[in-house]
Amino acid sequence: MSTPQCCENPPSLNPSYGEGSIENIGGFNTYVARPSNSNSNSNSNSNSNSNSNSNSNSVDAAAAILLISDVFGYEAPNLRKLADKVAASGFLVLVPDFLNGDYLKLDPDFDRQAWLKKHGTDQGCEDAKTLITALRGRGVTSIGAAGFCWGGVVVVKLAKSADYIQAGVVLHPGPLTDDDINEVKIPISILGAEIDHACPPEQARHFEKILAAKSEIESFVKIYPGVSHGWSVRYDAEDDFAVKSAEESHSDMLSWFIKHVQ
């Protein structure tokens, strides 16, 4: 999080939203959406509080996708709706609560700097590695990760090693440097907004050139016209253009994972 845009259009959090379940994986409460062909009955409106401590060893798919939230956390309905959509394509999808229930608030008395210090992206990356290790122990063999704003920075940090994820997608990322992009070692896609102060289009295109020079990995950069930072998950469901643009980014993200993770 680096600009006021990162806090615009906050979601109305709903801990009961979605078709998946809440499970504890690697020590983190995680929204889990299973593939439609899963034999598990956890996919039938089972994300009630009674399931919040589920520790099932069943993963139901060898390929998994992590969706790493922005500063507003894993209870955002549009994020969980996206998880359900990706799961319908055959992936096990996990939306972990790396913020541990402590989400950014827009209260004028809220200390954002203290919150950012507590929830740094370096810690988010270490938490993701812990969860990924737990998934490997359950039989998951291929993992992709998509991150949004704060979560996008976490994904780039994960992408600096080939040991954790096989592909990454970064949507309207928070602050990134040339060094961050230079260190990427796995296929990565950057999906940016035309109106973005955290990662302006010219910076995204600059990153594209850095990645293009890395012939050993595949990369893809796209700028979506007429949308602002956060558009992919903090869109207005009543705005047809916003919905269409968000769905386009979801389709591009899914295509990347189908190509590199399955």
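Counting begins at 1 with the first residue of the sequence.
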Engineer: Is any side-chain heavy atom of I181 closer than 4.5 Å to one of K214?
Structural biologist: no
Engineer: Run the side chain to side chain contact (heavy atoms under 4.5 Å, CB included) test on L92 and R34 for me, step by step, so that the C-alpha distance in whole Å, both residues' side-chain angles and the decisive distance to 0.1 Å come before the verdict.
Structural biologist: CA-CA 5 Å; L92 174 71; R34 287 183 161 78; 3.9 Å; yes
Engineer: Looking only at non-hydrogen atoms, find the nearest pair between G90 and P35 and report the distance.
Structural biologist: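 Answer, listing the atom of G90 first, then P35: O-CG, 3.6 Å.
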Engineer: Would you give the length of the straight line joining atom CG of L104 to atom CH2 of W115, rounded to the nearest 0.5 angstrom?
Structural biologist: 5.5 Å
Engineer: Any chance you could measure E75, atom CD, to Y103, atom OH, to the nearest 0.5 Å?
Structural biologist: 4.0 Å
Engineer: Can you name the one residue among V140, L135, I143, I68 that meets side-chain contact (heavy atoms from CB on, under 4.5 Å) with L94?
Structural biologist: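 When side-chain contact (heavy atoms from CB on, under 4.5 Å) is applied between L94 and each of V140, L135, I143, I68, only L135 qualifies.
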Engineer: Please check: side-chain N/O of S249 versus main-chain N/O of A246, any donor-acceptor pairing under 3.5 Å?
Structural biologist: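 Yes; at least one donor-acceptor contact below 3.5 Å.
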Engineer: Among all residues two or more places apart in sequence or in another chain, which pass the salt bridge (charged side-chain N to carboxylate O under 4.0 Å, His left out) test with E194?
Structural biologist: none
Engineer: Is it the case that the side chain of R80 and the backbone of P15 share a donor-acceptor pair, with hydrogens and angles ignored and the cut-off at 3.5 Å?
Structural biologist: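 Flag set: sc R80 to bb P15 pair under 3.5 Å.
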Engineer: Is it true that T177 and D180 share a donor-acceptor pair across their side chains at a distance under 3.5 Å?
Structural biologist: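 Yes.
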Engineer: Of all the heavy-atom pairs spanning Y224 and W231, show the shortest one and how long it is.
Structural biologist: CD1-CZ2, 3.3 Å
Engineer: Would you compute the distance between atom CG of L66 and atom CD1 of I165 and round it to the nearest 0.5 angstrom?
Structural biologist: 8.0 Å
Engineer: What's the verdict on side chain to side chain contact (heavy atoms under 4.5 Å, CB included) for F72 and L79, showing C-alpha distance, side-chain angles and the deciding distance?
Structural biologist: CA-CA 10 Å; F72 295 109; L79 183 59; over 6 Å; no
Engineer: Before you tell me yes or no, could you show the steps for K129 and E126 under salt bridge (charged side-chain N to carboxylate O under 4.0 Å, His left out), namely the whole-Å CA-CA distance, both residues' side-chain angles and the distance that decides it to 0.1 Å?
Structural biologist: CA-CA 5 Å; K129 291 176 182 178; E126 293 306 309; 3.4 Å; yes
Engineer: Below 3.5 Å, can you tabulate the donor-acceptor pairs from side chains in residues 183-191 to any protein atom, sequence neighbours excluded?
Structural biologist:
from, atom 1, to, atom 2, distance (Å)
K185, NZ, K160, O, 3.4
K185, NZ, E183, O, 3.4
S189, OG, F220, O, 3.4

Engineer: Could you tell me which residues satisfy salt bridge (charged side-chain N to carboxylate O under 4.0 Å, His left out) with D122, sequence neighbours excluded, listed by chain and number?
Structural biologist: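 Partners of D122 by the salt bridge (charged side-chain N to carboxylate O under 4.0 Å, His left out) criterion, ordered by chain and then number, come out as K157.
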Engineer: Return the set of residues passing ring pair (Phe, Tyr, Trp, His ring centres under 6.0 Å) with H260 (not counting sequence neighbours), or none when no residue passes.
Structural biologist: W256
Engineer: Could you pull out the closest heavy-atom pair between D70 and L99, with the gap in Å?
Structural biologist: O-CD1, 3.7 Å
Engineer: Restricting to non-hydrogen atoms, name the atom on A33 and the atom on D84 that form the minimum distance, rounded to 0.1 Å.
Structural biologist: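 Heavy-atom minimum between the residues: CB-OD1, 3.5 Å.
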Engineer: Taking atom CG of D240 as the centre, does the number of heavy atoms from other residues, nucleotides or ligands within less than 6.0 Å exceed 12?
Structural biologist: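 12 or below, so no.
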Engineer: Check whether the side chains of Y17 and N78 place a donor and an acceptor atom closer than 3.5 Å, and report yes or no.
Structural biologist: no
Engineer: Parallel, tilted or perpendicular: which one describes the rings of F148 and H172, with boundaries at 30° and 60°?
Structural biologist: tilted
Engineer: So for atom NZ, which belongs to K222, do other residues, nucleotides or ligands contribute more than 12 heavy atoms lying within a distance under 6.0 Å?
Structural biologist: yes
Engineer: Under the rule for salt bridge (charged side-chain N to carboxylate O under 4.0 Å, His left out), what residues qualify as partners of D97, not counting sequence neighbours?
Structural biologist: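 With sequence neighbours excluded, D97 shows a salt bridge (charged side-chain N to carboxylate O under 4.0 Å, His left out) to no residue whatsoever.
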Engineer: Could you tell me the separation between the CZ atom of F257 and the OG atom of S89, rounded to the nearest 0.5 Å?
Structural biologist: 12.0 Å
Engineer: Closest heavy-atom contact between A193 and S228?
Structural biologist: CB-C, 3.5 Å
Engineer: Does V261 offer a backbone N or O that forms a donor-acceptor pair with the side chain of S142 under 3.5 Å?
Structural biologist: yes
Engineer: Quick one: does Y31's side chain have a donor or acceptor within less than 3.5 Å of a partner on G20's backbone?
Structural biologist: yes
Engineer: So which heavy atom on A204 is nearest to which on I223, and how close?
Structural biologist: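 The answer is CB-CD1, 3.6 Å.
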Engineer: Can you name the one residue among Q203, E208, E202 that meets side chain to side chain donor-acceptor pair (under 3.5 Å) with R205?
Structural biologist: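 The single option meeting the side chain to side chain donor-acceptor pair (under 3.5 Å) with R205 is E208.
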Engineer: Take Y235 and V227 through the side chain to side chain contact (heavy atoms under 4.5 Å, CB included) test and state the conclusion after the steps.
Structural biologist: CA-CA 9 Å; Y235 57 88; V227 297; over 6 Å; no
Engineer: Got a second to check how far C149's SG is from D196's CG, nearest 0.5 Å?
Structural biologist: 8.5 Å
Engineer: Taking only residues two or more places apart in sequence or in another chain, which ones pass side-chain hydrogen bond (donor to acceptor under 3.5 Å, both in side chains) with D127?
Structural biologist: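 Expected list: Q123.
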Engineer: Quick one: CZ on R138 to CD1 on I25, what's the gap to the nearest 0.5 Å?
Structural biologist: 4.5 Å
Engineer: Parallel, tilted or perpendicular, judged at 30° and 60°: which one describes the rings of F28 and F98?
Structural biologist: perpendicular
Engineer: Does the pair V71 and K105 meet the rule for a side chain to side chain contact (heavy atoms under 4.5 Å, CB included), with working shown?
Structural biologist: CA-CA 9 Å; V71 295; K105 299 175 179 61; over 6 Å; no
